[in-house]
Amino acid sequence: MKVLVVGHGGREHALAWKIRQSPLVTRLWCAPGNPGTANLADNLDIGAEDIAGLVRFAAAEKVDLTVVGPEAPLCAGIVDEFQKHKLLCFGPNKAAAEIEGNKAFARELCRRHRIPGPGFWVFEELAMARSFLDNRPDGPIVVKAAGLAAGKGVTVCKNNEEARAAVGECLEKRRFGEAGSRVVFEEFLEGAEVSLITLTDGRTIVPFDPARDHKAVGDGDKGPNTGGMGVITPVPLMPRMATQIESQIVFPTVHALNRENRRYQGFLYAGLMLTTQGPRVLEYNCRLGDPETQPLLMRLQSDLLPLLLATAEGKLEQQSAPVWDKRVAVCVVACSGGYPGDFKKGVPIFGVDKVTTGPDLQVFHAGTSQRGGDLLTAGGRVLAVTALGVDAAAARQRAYAALDAIEFSGKHYRRDIGLKA
Ligand code: AMP
Ligand code: GLY
């Protein structure tokens with residue numbers, strides 16, 4: 001099979017790494033890929049959002065399956081465009097991907113189908129949003145840009161004053177452009193967070209093992225949110241909670257989308273808060289999480305490719321359930337100095353080639369570039385180490401030892417990934 005992976009982050013490096021191991025693969029490309037995927041696949045000079053260019057390439061090379069990593073092309077309708085050209089593309093179509101592309105739609109979907117989430121209010125006008133804040137008791141509240149904002153559109157506010165500032169960033173300063181032209185206020189929920197990624201073709205629903213991302217930039221969940229600083233998986237869940245997540249959230253969401261003529265085929269990511277009243281949806285993503293993908297795929301023992309193919313073809317029921325390595329995986333992301341604020345690019349990275357990688361330890365590139373023989377930083381999240389261990393402590397010890405061997409000026413990372421486990 002000829003396979004094309006679309007995207008250039010750590011998620012796509014992990015996807016290419018896993019797909020490369022499939023005996024079914026004869027050719028593998030990444031568009032555009034990164035220096036990590038270059039060791040596994042042929043990187044193409046086609047951007048992840050150049051849908052016409054991707055269709056042209058897939059048609060010319062007779063690509064059997066295109067696997068889309070990031071949300072932007074999915075929300076822009078890449079799957080629909082491939083279908084028009086009779087090409088197979090893994091991921092939800094545009095209508096189904098709206099569950100991530102439009103947070104107001106996602107919240108209203110939950111309300112219509114009684115899927116548990118926080119109370120919420122949607123505003124487009126600054127004056128109305130301000131007046132809402134003026135008339136509520138002071139206290140914590142969450143402000144979200146309704147559209148795609150590269151993981152930066154959410155502000156968890158301690159009080160109404162912070163919320164006023166966050167609303168101003170969206171509706172007045174237009175910091176997120178069109179994506180912030182509508183804001184969603186949400187009731188602030190407390191509890192432990194968990195990411196649950198499900199593979200579904202709209203009929204068969206296969207939940208993956210739960211993972212815990214660490215969104216805040218600093219140890220102890222301090223500081224602003226990022227795209228994700230590290231992950232531990234699996235996360236032990238009380239049996240009651242696990243059942244509730246499936247029966248109250250995952251299954252109803254897939255069915256709700258079906259009922260609204262938005263059949264979902266792909267990875268459906270539910271970001272959940274485990275509250276004392278049960279699980280609540282914080283957000284949906286129409287794709288694999290990043291970095292969640294990295295530790296999850298390292299624990300996945302089954303061949304991923306037949307699962308992806310069957311999902312895209314709507315035949316997931318014919319596949320046996322995925323088999324997981326019982327061990328714990330810890331993934332720690334190393335970031336550029338300043339991230340999630342402004343940061344420099346082009347800083348030399350040392351030591352990646354000194355790390356001994358294998359089935360139990362991998363370095364996945366996220367924001368790197370290659371110049372001659374030099375590896376350079378090219379993004380906020382630069383690279384991540386994922387290690388497996390018999391328990392969280394063993395996995396942490398291996399992941400951090402490897403990460404400490406990699407150097408670049410400004411490098412920062414959280415020290416407490418998986419520590420609570
Ligand atoms: P999101 O991208 O919507 O998942 O939001 C990013 C992060 O903000 C989440 O991982 C949570 O830590 C936090 N968050 C989002 N929504 C809420 C909420 N309603 N209550 C409390 N925290 C939230
Ligand atoms: N790590 C969170 C996300 O991929 O959205």
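Residue numbers count from 1 along this sequence. These numbers come from the heavy atoms of this one structure, side chains and all, not from hydrogens, waters or symmetry mates. All ligand and atom numbering here is 1-based and tracks the order in the structure.
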- [ ] Please work out which of the three classes, parallel, tilted or perpendicular, describes the rings of Y413 and Y400, given edges at 30° and 60°.
- [x] tilted

- [ ] Let me know which protein residues bring a heavy atom to under 4.0 Å of ligand 2; chain then number is fine for ordering.
- [x] D213, K215, G227, Y269, N285, R287, G289, D290, P291, E292

Open item on the list: Looking at R174 and E169, is any side-chain nitrogen of the basic one under 4.0 Å from a carboxylate oxygen of the acidic one?
Closed with: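 Looking at E169 and R174, the cut-off is not met.
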
Would you say that [X] contacts [Y] through its side chain, given a criterion of any heavy-atom pair below 4.5 Å between the two side chains?
X	Y	value
L304	L15	yes
R299	T233	yes
I205	F251	yes
V67	L65	yes

Between the protein and ligand 1, are there any N or O atom pairs that come within less than 3.5 Å of each other, and if so, what are their names and distances?
unit_1	atom_1	unit_2	atom_2	d
ligand 1	2 (O)	E283	OE1	3.2
ligand 1	3 (O)	K144	NZ	3.0
ligand 1	4 (O)	E283	OE2	2.9
ligand 1	8 (O)	N225	ND2	3.3
ligand 1	10 (O)	E193	OE1	2.6
ligand 1	10 (O)	K215	NZ	3.0
ligand 1	12 (O)	E193	OE1	3.4
ligand 1	12 (O)	E193	OE2	2.4
ligand 1	16 (N)	K144	NZ	3.0
ligand 1	19 (N)	E186	OE1	3.1
ligand 1	19 (N)	E187	O	3.0
ligand 1	20 (N)	L189	N	2.9

Task: Check: F132 ring centroid to F185 ring centroid under 6.0 Å - done: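 For F132 and F185, the ring centres are under 6.0 Å apart.
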
Open item on the list: Tell me which one of T357, V385, L388 satisfies side-chain contact (heavy atoms from CB on, under 4.5 Å) with Q362.
Closed with: T357

Open item on the list: Under a 3.5 Å cutoff, is there a donor and acceptor pairing between the side chains of E292 and S195?
Closed with: yes

